[in-house]
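Please read the structure below before turning to the comments.
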Number of protein chains: 2
Amino acid sequence: MGKCEQCIIKQFNSLKALTKEELVRISGCKTSMKIKKGEVIFEEGEVLNGVYCVKDGICKLSKLSENGKDQIVKMVVKGQLLGQRSLISEESSNLQATALNDMEVCFIPKSEIFADLQKNPKFSFSVLQDMAHDLRDSDDIIVNMAQKSVRQRLAETLAYISDSFGTNPDGTLSVLLSREDYANIVGTATESAIRVLSQFKKEGLISTVGKYIKIEDLAGLKRVE
Amino acid sequence: MGKCEQCIIKQFNSLKALTKEELVRISGCKTSMKIKKGEVIFEEGEVLNGVYCVKDGICKLSKLSENGKDQIVKMVVKGQLLGQRSLISEESSNLQATALNDMEVCFIPKSEIFADLQKNPKFSFSVLQDMAHDLRDSDDIIVNMAQKSVRQRLAETLAYISDSFGTNPDGTLSVLLSREDYANIVGTATESAIRVLSQFKKEGLISTVGKYIKIEDLAGLKRVE
DNA sequence: AATAAATCATGACAAATATCATATTTATAA
DNA sequence: TTATAAATATGATATTTGTCATGATTTATT
């Protein structure tokens, strides 16, 4: 199993604030695991006993409603920590985490994280900054949901995915989402999302190859009103 | 000016995790101030040089859009800290804070807060828990905005305000909001909010005395589909 | 108290979005 | 490979919500 102190993934998250000794200790009790596309990492209501450090892949955090929709609130990619919010508030999770492609994660037990939060103020502060950032993102999403049209939200989502998660060599978005996933990010019906995507295609903003989407005019997408 | 170490308000926020010495130090450099109803405490884009501890009153955190609407993301009441997110992420504020009634706040400079975050892990952890809680709230709001109708969201808002901020002796909600404020919380047009309130009135769920709203059937409101 | 300015309220209509139906295409499995 | 299921696509229509107009109240100001 890999050693945390040598793992480059930690550069992208709060674990970088830990000392070498702390990392060695964590390395000794972490569990490395592989998760297949579509698998649920944790469910809504589940009590988390640690955090996941995402070494590879991407997952969605979403909440199911009675009517069968599940709203995607956030996507967590390679390099980020998963489950830190629930761990810290010591409540059960309010969201479900589902792998969007094959993933590789390390599970770090709660006791280790809490010990380091107590001892290492740099680590605490780094987690605090992460959370502050997530909170800003969430507040911005609330505003978008309230004030922007489905068309605008979908355009922004495509631009966000392109900017944040990148593209394949052929130019298609590297994160492969179903039309339903797009609808669940934007907060609309699947048919509405499909309709808007078709329109973007007609307007030359995107092109599609099967379910793969290629952004043809990123600036144009960002200008969508 | 009052002394922080004797102030009971701190029991309700992270400042309770500070030691007596730390509180005495903060007490020496805080600024007590009164803010009138409608006054802006800080604007979107403003860089905050400290946090506000709300001793009395209530304010809204909102974001203005081009079309003139401003979405209310959160309300901060007596006992809570204001501005901690922006302070910690060391970015300018993404939201504007506006007093909803006359307020009394203490301003604590950034340097003091940061010093204590470095030295006192209990304080760090308490702030972390606060932020985790706010993040959960925001994520829940995103889901509501996506999956519930204006009617449901307004019913929940009324129930939330009643449960969280209480009522006057005559049973009316103690937080007095305009119809426009309700619309801006729910994320709808003012006319739509008014229409739904009128309907709630017809259905006997609420009654109104001028702009004051009295909840007549809280359980019923919570059952609104 | 009278006037002006906000705010609240409601109707009529328009626009955005959801729902239902039904092809068509693409993926999956026997 | 073919059968089967799942995902994508699009039309028709219903529902929700927004916008504009207008009047009634309430609140603030002179």
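From a predicted model like this one, the values you see are computed outputs, not experimental measurements.
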Determine yes or no for a side-chain-to-main-chain donor-acceptor pair under 3.5 angstrom, with A:S92 supplying the side chain and A:V47 the backbone. no
Any base atoms under 4.0 Å from A:S149, or only sugar-phosphate, or nothing? Heavy atoms, all strands. sugar-phosphate
Between P of C:dA15 and CD of A:Q152, the distance in whole Å: 17 Å
May I ask you to say whether A:K222 pairs ionically with A:D163, meaning some side-chain N is under 4.0 Å from a carboxylate O? yes
Under-3.5 Å N/O pairs linking protein and nucleotides 9-11 of chain C:
unit_1 : atom_1 : unit_2 : atom_2 : d
C:dA9  : OP2    : B:R179 : NE     : 2.8
C:dA9  : OP2    : B:R179 : NH2    : 3.3
C:dT10 : OP2    : B:S198 : OG     : 2.5
C:dG11 : N7     : B:R195 : NH1    : 3.0
C:dG11 : O6     : B:R195 : NH2    : 3.1

Measure from the side-chain N and O atoms of A:N144 to the backbone N and O of A:I141, and report whether any donor-acceptor pair falls under 3.5 Å. no
Between CG of B:D181 and P of C:dT7 the distance, given in whole Å, is 9 Å
Just the rounded figure in Å: distance from P of D:dT8 to OH of A:Y212. 12 Å
Starting from C1' on D:dA6, measure out to CG on A:L176 and report it in whole angstrom. 14 Å
Rounded to whole Å, NZ of B:K211 lies from P of C:dC8 at a distance of 5 Å
Could you state the CZ-C1' distance from B:R153 to D:dG18, rounded to the nearest angstrom? 13 Å
Has B:F107 got more than 12 heavy atoms of other residues, nucleotides or ligands less than 6.0 Å from its CZ? yes
Are B:K78 and B:E104 close enough for a salt bridge, meaning some N to O gap below 4.0 Å? no
Distance (rounded to the nearest 0.5 Å) between B:D102 CG and B:E39 CD: 9.0 Å
When you check the gap from the basic side-chain N to the acidic O, do B:K63 and A:D140 get nearer than 4.0 Å? yes
Overall bend - the helix from C:dA1-D:dT30 to C:dA30-D:dT1, comparing terminal axes fitted on five pairs, nearest 10 degrees: 50°
Determine, for A:K214 against A:D170, whether the closest basic-nitrogen to carboxylate-oxygen distance falls under 4.0 angstrom. no
Nucleotide C:dA15, atom P - distance to CZ of A:R151 in whole Å: 16 Å
To the nearest Å, give me how far apart CD (A:Q199) and C1' (D:dG11) are. 15 Å
Can you tell me if B:T167 uses its side chain to pair, donor with acceptor, with the backbone of B:S174 under 3.5 Å? no
